[in-house]
Amino acid sequence: MTAIAESPTTTAPMLEWLDPATLTVDVNVRKDAALTPSFVASIKEHGVMEPVIAHRKDDGTVHVLMGQRRTRAAVEAARPLIPVMVIDSPEEAERIVTQVVENIQRAELTEADEADAYHQLSLIGVTAAQIAKKTGRTKTTVEGALKAKASVAGTAALGKGWSIEEALIMAEFEGDAERTLELESVIMDEPDQLHHVAQQLRDDRERAAALAAFTAQIEATGIRIVEAPGYSDEDVARVSSLKRADGERATEDDGNAVYIATDGTGEHITVPVVVGWKELGFTDRYSYSSSSANKGPMTDEQKAERRTLIENNKKMESVLLTELRRRVWIRVFRRGGSHGRGATQTARGTDWPAGDRRGSPKNGGPLALRRHRRQGARD
């Protein structure tokens, strides 16, 4: 970053840890310095996180210029020390702002350099809105840079020469090692896909959070949650696929657990199941196993159910074949009839062999098809 020139008569701002009770807070400097119990409690627990800005006079007294409310809260909370940025004079902040602006306007600073400059200004109490006004940048840009600099991941990204925008995304996923590695890979290999991938990761994170919240809600009711049963699961089965010992279909009241699924709208739902369904006397509604056959001939009810199943399968096969034929001939007639060509070739719109791809959209298909049609019209 381009260094800020220091005047021979001034010194750089110094961060010191001072007893807030020894600081002088001028009267009526800030009208909104009223303290609230919650603010004092926060200062008592966490301390003063952002340094206050102060000026040391010739007699050694330190006068607070920015951060009066934090100073008063620290005194009331009996904090022994708070961070204080001591500057040469009340005009020091304006001098630094002017020099940073001159550097931004005069030099081709990298985005990392600009972020460092904004961070330096924020340390002496200059707000994002003031920085934006002085530098001509948007407030959103300045806030993004400050947010990136406030995180380890964002600062590291800027140090690698990445943009403020990229650093801000890395800061957003700080602490998530798996997603951070994926984002780093995208920035290095496919930077134009960064926003798309970042949004996918946000969506994944939201879905995971929603699932966790829904799971916690179900667990709070005391309902047992299990994994979704697999095909021919010998231990867990959906209630809807079971029959009770009396031959009646099982209902939700028979379930002793649930698994969590997602419906067509993306909402989480519970599906009732029976854990240990065989031991509890339930049978599979759709299974005709060899063990069942060994018990004796099929009952009249089983025979009727099997006949219905076979009949329904035949009807479905007929419907599917009819629909397939209908769709093929619709395509034939839309393309002007067969004209002596095979129906499959007509539906494809070409007279070329089935393995020839010259008519596909990826390699000039539309143009080839138009030529083919013009030739047919001349014929």
Novice: Mind checking the CD-CZ spacing from Glu178 to Phe173? Nearest 0.5 Å is all I need.
Specialist: 12.0 Å
Novice: Is Glu114 salt-bridged to Arg137, going by a charged N under 4.0 Å from an acidic O?
Specialist: yes
Novice: With sequence neighbours excluded, give me every salt bridge (charged side-chain N to carboxylate O under 4.0 Å, His left out) pair touching residues 231-241.
Specialist: Glu234-Lys278
Novice: So, Glu16 side chain and Val84 main chain: donor-acceptor pair closer than 3.5 Å or not?
Specialist: no
Novice: Going by atom types alone, do Asn313 and Glu317 pair a side-chain donor with an acceptor below 3.5 Å?
Specialist: no
Novice: Give every donor-acceptor pair under 3.5 Å between a side-chain atom in residues 184-196 and any protein atom, sequence neighbours left out.
Specialist:
residue, atom, partner, partner atom, Å
His195, NE2, Glu165, OE2, 3.1
His196, NE2, Gln200, NE2, 3.4

Novice: Considering the options Val271, Ile225, Val226, which one meets the side chain to side chain contact (heavy atoms under 4.5 Å, CB included) requirement together with Ile260?
Specialist: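 Of the listed residues Val271, Ile225, Val226, the side chain to side chain contact (heavy atoms under 4.5 Å, CB included) partner of Ile260 is Ile225.
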Novice: Salt-bridged, Arg307 to Glu311, with N to O below 4.0 Å?
Specialist: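 Judged by the 4.0 Å cut-off on N to carboxylate O distance, Arg307 and Glu311 do not form a salt bridge.
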Novice: Quick check for you: to the nearest 0.5 Å, what is the distance between Ser42 atom OG and Arg70 atom CZ?
Specialist: 12.0 Å
Novice: Run through the side-chain heavy atoms of Ile, Leu, Val, Met, Phe, Trp and Tyr, join any pair under 4.5 Å, and report what else lands in Leu321's cluster.
Specialist: none
Novice: Who else is in the cluster with Val274 when I, L, V, M, F, W and Y are joined by side-chain contacts under 4.5 Å?
Specialist: Val239, Leu242, Trp277, Leu280, Phe282
Novice: If we ignore hydrogens and angles and just use 3.5 Å, is the side chain of Thr262 paired with the main-chain N or O of Ile269 as donor and acceptor?
Specialist: no
Novice: Could you walk me through whether Leu201 and Glu182 pass the side chain to side chain contact (heavy atoms under 4.5 Å, CB included) test, one step at a time?
Specialist: CA-CA 9 Å; Leu201 295 179; Glu182 184 171 354; 3.6 Å; yes
Novice: Can we say Lys57 and Asp59 salt-bridge, meaning some charged N sits less than 4.0 Å from an Asp/Glu carboxylate O?
Specialist: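 Salt bridge between Lys57 and Asp59, a charged N being under 4.0 Å from a carboxylate O: no.
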Novice: Work out which heavy atom in Pro272 is nearest to a heavy atom in Glu252; give both atom names and the distance.
Specialist: CG-CG, 3.7 Å
Novice: Distance-only check: which donor-acceptor pairs under 3.5 Å involve side-chain atoms of residues 208-221, not counting sequence neighbours?
Specialist:
residue, atom, partner, partner atom, Å
Thr215, OG1, Leu211, O, 2.7
Thr221, OG1, Ile218, O, 2.5

Novice: Salt-bridged, Arg285 to Glu248, with N to O below 4.0 Å?
Specialist: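 A salt bridge is absent here (no side-chain N lies under 4.0 Å from a carboxylate O).
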Novice: Look only at the side chain of Thr180 and the backbone of Asp176, and say whether a donor-acceptor pair between them is shorter than 3.5 Å.
Specialist: yes
Novice: Apply salt bridge (charged side-chain N to carboxylate O under 4.0 Å, His left out) to Lys149 and list each qualifying residue two or more places apart in sequence or on a separate chain.
Specialist: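 Partners of Lys149 under the salt bridge (charged side-chain N to carboxylate O under 4.0 Å, His left out) test: Asp116.
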Novice: Is there a path of hydrophobic side-chain contacts, each under 4.5 Å between heavy atoms of I/L/V/M/F/W/Y residues, joining Val62 to Val75?
Specialist: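 Unlinked, Val75 and Val62 end up in two clusters.
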Novice: Less than 4.5 Å apart, side chain to side chain, heavy atoms only: is that true for Val48 and Arg79?
Specialist: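 No, side chains not in contact.
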Novice: Would Arg224 count as a cation-pi partner of Tyr259, with NZ or CZ less than 6.0 Å from the six-membered ring centre and within 45° of the ring normal?
Specialist: no
